Amino acid sequence: MSDDGTFDEDAIEAARKLFAGPVSFLKSAPSLEFIPDAIVPEVAFAGRSNVGKSSLLNALTGRNSLARTSNTPGRTQELNFFNVGGDPLHMRLVDMPGYGFAKAPKDVVKKWRFLVNDFLRGRDVLKRALVLIDARHGVKDVDREILEMLDKAAVSYRMVLTKADKIKATDLADVTAATAAEARKRPAAHPQILQTSSETGLGIPELRAAVIEAIG
Ligand code: GDP
């Protein structure tokens, strides 16, 4: 990546090629005893429910229904693992359970906290998290909980704005600046903010390159 935060053509093309190859669902883990062996680098996706995480994972991998969209709190308390690359396996994507359900029972929130915290602290192949932020709302307190967990676990992360097509360009510039200001205050946050839309494809090539960059 260059100093201004853009990716060069080679990085974009390498990332496009990787995700044009095999990508497949591996397994869901409702607790750490079910997670797969740590054999390749991983990049995790986090975000509040309805932020557009499933849509973005599908856009990233160019598959329509790899990540299932589900807004049922009970169904989302799992870590979902996806293999990227065939033989040899290149990396894994981890879809972390969504958070911020208005009506989530206390024990569901507690379970989410334990599962995510244990995963973040104990997974040495986890190279980076991408934390999705709805461009219409910017960073909210429900997002700050995961940002703090990542800072404390010293897992590097990047904030990614979703649904950029839903707001005006001037508002997008404002929310990007505000999110960058939030990132500057946080020790494990990458200073550059990505703008994406699963609807228009905005930022998807860059998001792919950001995933590849993260696994080095
Ligand atoms: P998740 O709960 O975070 O997995 O969110 P989903 O991917 O299921 O998306 C939630 C809702 O937002 C769905 O109705 C999607 O169609 C919509 N959505 C997701 N991404 C975008 C986007 O980039 N643009 C627009 N306009 N809508 C989106």
Side-chain angles (χ1 to χ4, degrees), residues 15-16 19 23-30 42-82 84 92-105 108-109 111-113 115-116 119-120 128-147 149-150 157-176 178-179 192-211:
R16 187 196 65 76
F19 286 103
V23 181
S24 59
F25 171 74
L26 174 63
K27 70 184 303 190
S28 285
E42 294 172 350
V43 174
F45 284 72
R48 68 189 297 186
S49 63
N50 215 39
V51 72
K53 184 154 55 65
S54 313
S55 304
L56 200 65
L57 278 163
N58 289 335
L60 176 83
T61 58
R63 272 87 179 165
N64 286 335
S65 52
L66 188 76
R68 276 172 304 167
T69 54
S70 161
N71 293 320
T72 319
R75 281 259 313 270
T76 55
Q77 301 298 303
E78 297 167 338
L79 296 158
N80 289 301
F81 292 83
F82 300 90
V84 180
R92 286 189 178 130
L93 300 174
V94 186
D95 183 6
M96 304 220 289
Y99 51 81
F101 293 101
K103 292 189 192 113
V108 171
V109 177
K111 183 172 180 263
W112 175 87
R113 205 168 278 144
L115 178 64
V116 170
F119 180 70
L120 295 180
R128 184 161 294 172
L130 297 171
V131 182
L132 313 188
I133 305 289
D134 192 319
R136 294 170 300 177
H137 310 309
V139 179
K140 296 284 181 202
D141 282 344
V142 284
D143 302 306
R144 290 189 178 99
E145 179 173 7
I146 184 93
L147 301 182
M149 285 162 82
L150 288 159
Y157 59 94
R158 199 194 250 278
M159 285 186 269
V160 177
L161 297 173
T162 61
K163 308 189 188 182
D165 61 285
K166 288 216 174 199
I167 58 172
K168 288 186 296 189
T170 48
D171 293 338
L172 182 59
D174 288 348
V175 74
T176 305
T179 309
Q192 241 87 39
I193 310 302
L194 289 178
Q195 304 168 335
T196 66
S197 165
S198 304
E199 198 74 19
T200 66
L202 173 81
I204 303 300
E206 290 77 10
L207 181 66
R208 289 187 188 122
V211 169

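What you see is a predicted model, and the numbers here were worked out from it, not measured in a lab. As the structure lists them, so they are numbered: ligands from 1, and atoms in each ligand from 1.
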Item checked: Contact check: S49 vs ligand 1, nitrogen or oxygen atoms, below 3.5 angstrom -> no

Next item on the list: Determine yes or no for a side-chain-to-main-chain donor-acceptor pair under 3.5 angstrom, with S197 supplying the side chain and K163 the backbone.
Entry: no

Next item on the list: Check whether any side-chain heavy atom of I146 lies under 4.5 Å from a side-chain heavy atom of Y157, and answer yes or no.
Entry: no

Check: Which of the atoms in ligand 1, numbered in the order shown and given with their element, are less than 4.0 Å from a heavy-atom of N50?
Finding: 1 (P), 2 (O), 3 (O), 5 (O), 10 (C), 11 (C)

Margin query: Using a 3.5 Å distance criterion without hydrogens, assess whether the side chain of R128 forms a donor-acceptor pair with backbone atoms of V43.
Written below: no

Checklist line | ligand 1 to V51 polar contact by distance, N or O atoms, under 3.5 Å | finding: yes

Item checked: Salt bridge flag under 4.0 Å for residues K140 and D143 -> no

Notebook entry, point to check: Which part of D165 is near ligand 1, with near meaning a heavy atom under 4.0 Å away: side chain, backbone, both or neither?
Noted result: side chain

Next item on the list: For atom 6 (P) of ligand 1, state which one of S55, S198, A46 supplies the nearest heavy atom.
Entry: S55

Item checked: Nearest neighbour of atom 4 (O) of ligand 1 from the list A135, S54, A59, on a heavy-atom basis -> S54

Check: Under 3.5 Å, is there a donor-acceptor pair between the T162 and D134 side chains?
Finding: no

Notebook entry, point to check: Is the closest heavy atom of S197 to ligand 1 under 4.0 Å?
Noted result: yes

Checklist line | Within-cut-off N or O pair, A164 and ligand 1, under 3.5 Å | finding: no

Note to self: I want to confirm something. Looking only at heavy atoms, which of E199, K53, R136, K166 is nearest to atom 3 (O) of ligand 1?
What the structure shows: K53

Margin query: K163 versus ligand 1: do any nitrogen or oxygen atoms come within less than 3.5 Å of each other?
Written below: yes

Item checked: Whether R158 side chain and Q192 backbone form a donor-acceptor pair below 3.5 Å -> yes

Next item on the list: Considering only NZ, NE, NH1 and NH2 on the basic side and carboxylate oxygens on the acidic side, decide whether K166 and E199 come within less than 4.0 Å.
Entry: no

